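Structure, as structure tokens:
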Amino acid sequence: MKLQFSIFTKLLIIQYLSILCVSQDFDFFYFVQQWPGSYCDTKQSCCYPKSGKPAADFGIHGLWPEYKDGSYPSNCDPDSVFEKSQISDLISDLRQNWPTLSCPSNDGTKFWTHEWVKHGTCAESELDQREYFEAALKLKEKANLLQALKNAGIKPDDGFYELESIIAAIKEATGFTPGIECNVDLEHNSQLYQIYMCVDTSASEFILCPKQPKKKCASTVQFPRF
């Protein structure tokens with residue numbers, strides 16, 4: 001009887017600890033968007049998706065669970081595969097707002113699969129697959145980065161802009177300071193490449209970044225055409 005009670009107690013403790021671990025598996029998200037013109041200058045080559053050239057707008061790179069210490073979980077559930085059927089009604093929006101520029105030209109499925117398997121599976125305590133992609137689409141609309149920059153006179157015209165002005169424009173529009181990542185093109189120009197916004201664990205609200213990504217940019221950066 002005592003042995004049965006001991007085993008039962010241990011099972012309860014294990015179950016409790018597993019639930020606790022799931023509920024604390026990450027602290028916040030980085031919501032990352034990239035500028036396609038800079039992506040094409042960053043890589044040795046880029047290819048437009050099969051649906052055609054994407055719009056001249058920031059595209060989603062990913063919604064990434066993060067820890068406050070600067071590390072992050074990845075590939076958390078090998079049994080959770082990407083199921084395109086679960087997001088069939090989102091495909092059109094994904095093609096427009098989460099396009100792929102990798103080569104060879106493709107329909108985006110490989111990109112979305114990678115993002116779900118590497119990052120999305122680490123947020124399953126909060127979001128299922130459909131909710132994950134839907135949340136990213138809503139966050140892009142909410143941030144509206146290109147319009148925020150245009151409102152401050154910062155346009156993708158191959159011009160050079162103060163990095164602090166870019167940061168200030170996004171903070172003015174969203175209420176929060178973004179992280180900025182730049183690339184260097186063949187002419188050694190520092191270019192606006194990716195913008196990081198921090199998001200709560202429900203993937204619905206922007207928040208003050210617990211930890212800013214460590215990325216290097218020049219004080220003045222180019223905003224290339226696309």
Side-chain angles (χ1 to χ4, degrees), residues 6-34 58-100 108-145 170 174-179 181 194-215:
S6 176
I7 293 173
F8 180 70
T9 303
K10 287 180 180 179
L11 287 173
L12 283 178
I13 292 172
I14 291 170
Q15 185 179 31
Y16 171 77
L17 290 175
S18 67
I19 292 171
L20 187 65
C21 288
V22 168
S23 66
Q24 297 179 343
D25 56 357
F26 68 103
D27 298 317
F28 67 100
F29 286 103
Y30 279 141
F31 177 56
V32 187
Q33 296 185 68
Q34 62 186 11
F58 286 92
I60 298 169
H61 184 172
L63 183 62
W64 303 340
E66 300 285 329
Y67 296 128
K68 290 179 181 178
D69 66 4
S71 63
Y72 61 90
S74 64
N75 302 93
C76 295
D77 185 357
D79 294 325
S80 182
V81 297
F82 176 75
E83 295 284 355
K84 197 172 182 178
S85 60
Q86 291 189 25
I87 57 169
S88 57
D89 60 321
L90 300 178
I91 295 299
S92 178
D93 283 342
L94 288 172
R95 286 174 178 161
Q96 180 178 347
N97 296 292
W98 200 328
T100 177
T109 301
K110 184 178 178 180
F111 186 19
W112 306 326
T113 299
H114 168 80
E115 291 299 312
W116 170 253
V117 171
K118 183 175 181 179
H119 302 288
T121 57
C122 299
E124 288 184 296
S125 60
E126 296 287 340
L127 306 166
D128 63 25
Q129 189 173 130
R130 178 185 173 76
E131 291 167 339
Y132 175 79
F133 286 99
E134 194 169 32
L137 290 169
K138 288 179 178 178
L139 288 168
K140 181 182 184 298
E141 183 178 9
K142 188 172 187 176
N144 202 0
L145 292 179
I170 295 170
T174 66
F176 296 97
T177 301
E181 180 180 357
Q194 297 200 125
I195 296 177
Y196 292 67
M197 299 295 297
C198 291
V199 181
D200 68 359
T201 55
S202 70
S204 59
E205 299 292 338
F206 295 121
I207 60 171
L208 181 68
C209 279
K211 190 171 186 67
Q212 286 282 11
K214 293 181 179 180
K215 306 296 180 182

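Treat the numbers as computed from the prediction; the structure is a model and nothing was measured.
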Once salt bridge (charged side-chain N to carboxylate O under 4.0 Å, His left out) is applied, what residue pairs with a partner in residues 112-123 remain, sequence neighbours excluded? none
Working for side chain to side chain contact (heavy atoms under 4.5 Å, CB included), residues C122 and Y72: CA-CA 9 Å; C122 299; Y72 61 90; over 6 Å; no
Roughly how far, to the nearest 0.5 Å, is [atom2] of [Y] from [atom1] of [X]?
{"X": "R95", "Y": "T100", "atom1": "CZ", "atom2": "OG1", "answer": "12.0 Å"}
{"X": "Q212", "Y": "C198", "atom1": "CD", "atom2": "SG", "answer": "6.0 Å"}
{"X": "I91", "Y": "T109", "atom1": "CD1", "atom2": "OG1", "answer": "6.0 Å"}
{"X": "I195", "Y": "E181", "atom1": "CD1", "atom2": "CD", "answer": "11.0 Å"}
{"X": "L208", "Y": "F28", "atom1": "CG", "atom2": "CZ", "answer": "10.5 Å"}
{"X": "Q34", "Y": "Q194", "atom1": "CD", "atom2": "CD", "answer": "5.0 Å"}

Any donor-acceptor pair under 3.5 Å linking the side chain of [X] with the backbone of [Y]?
{"X": "Q129", "Y": "E83", "value": "yes"}
{"X": "D93", "Y": "N97", "value": "no"}
{"X": "T174", "Y": "A143", "value": "no"}

Is there side-chain contact between L137 and I60, with at least one heavy-atom pair below 4.5 Å? yes
Any side-chain heavy-atom pair of M197 and L139 under 4.5 Å: no
Do the rings of Y196 and Y30 sit parallel, tilted or perpendicular, given the 30° and 60° boundaries? perpendicular
F111 vs W98 aromatic rings, parallel, tilted or perpendicular, using cut-offs 30° and 60°? perpendicular
For V117 and N75: C-alpha separation, side-chain torsions, deciding distance, then whether side chain to side chain contact (heavy atoms under 4.5 Å, CB included) applies. CA-CA 6 Å; V117 171; N75 302 93; 3.7 Å; yes
Residues forming a side-chain contact (heavy atoms from CB on, under 4.5 Å) with S71, sequence neighbours excluded: Y67, D69
List in chain and number order the residues that pass side-chain contact (heavy atoms from CB on, under 4.5 Å) with K138, two or more places apart in sequence or in another chain; answer none if no residue qualifies. E134
Could you check K110 against T113 for side chain to side chain contact (heavy atoms under 4.5 Å, CB included), going step by step and ending with a plain yes or no? CA-CA 5 Å; K110 184 178 178 180; T113 299; 5.7 Å; no
With sequence neighbours excluded, tell me which residues meet salt bridge (Lys or Arg N to Asp or Glu O under 4.0 Å) with [X].
{"X": "K142", "value": "E205"}
{"X": "K84", "value": "D107"}
{"X": "D89", "value": "R130"}

Smallest separation among heavy atoms of [X] and [Y], with atom names:
{"X": "P73", "Y": "D25", "value": "CG-O, 4.0 Å"}
{"X": "E124", "Y": "W116", "value": "OE2-CZ2, 3.6 Å"}
{"X": "V199", "Y": "F31", "value": "CG2-CB, 3.8 Å"}
{"X": "W112", "Y": "L94", "value": "CZ2-CB, 3.5 Å"}
{"X": "F29", "Y": "A203", "value": "CE1-CB, 3.7 Å"}
{"X": "G179", "Y": "P213", "value": "CA-CG, 4.1 Å"}

Taking CZ in F82 as the centre, count heavy atoms belonging to other residues, nucleotides or ligands within less than 6.0 Å. Is the count above 12?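 Check passes, neighbour count above 12.
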Run the side chain to side chain contact (heavy atoms under 4.5 Å, CB included) check on F133 and L127 step by step: do they pass? CA-CA 9 Å; F133 286 99; L127 306 166; over 6 Å; no
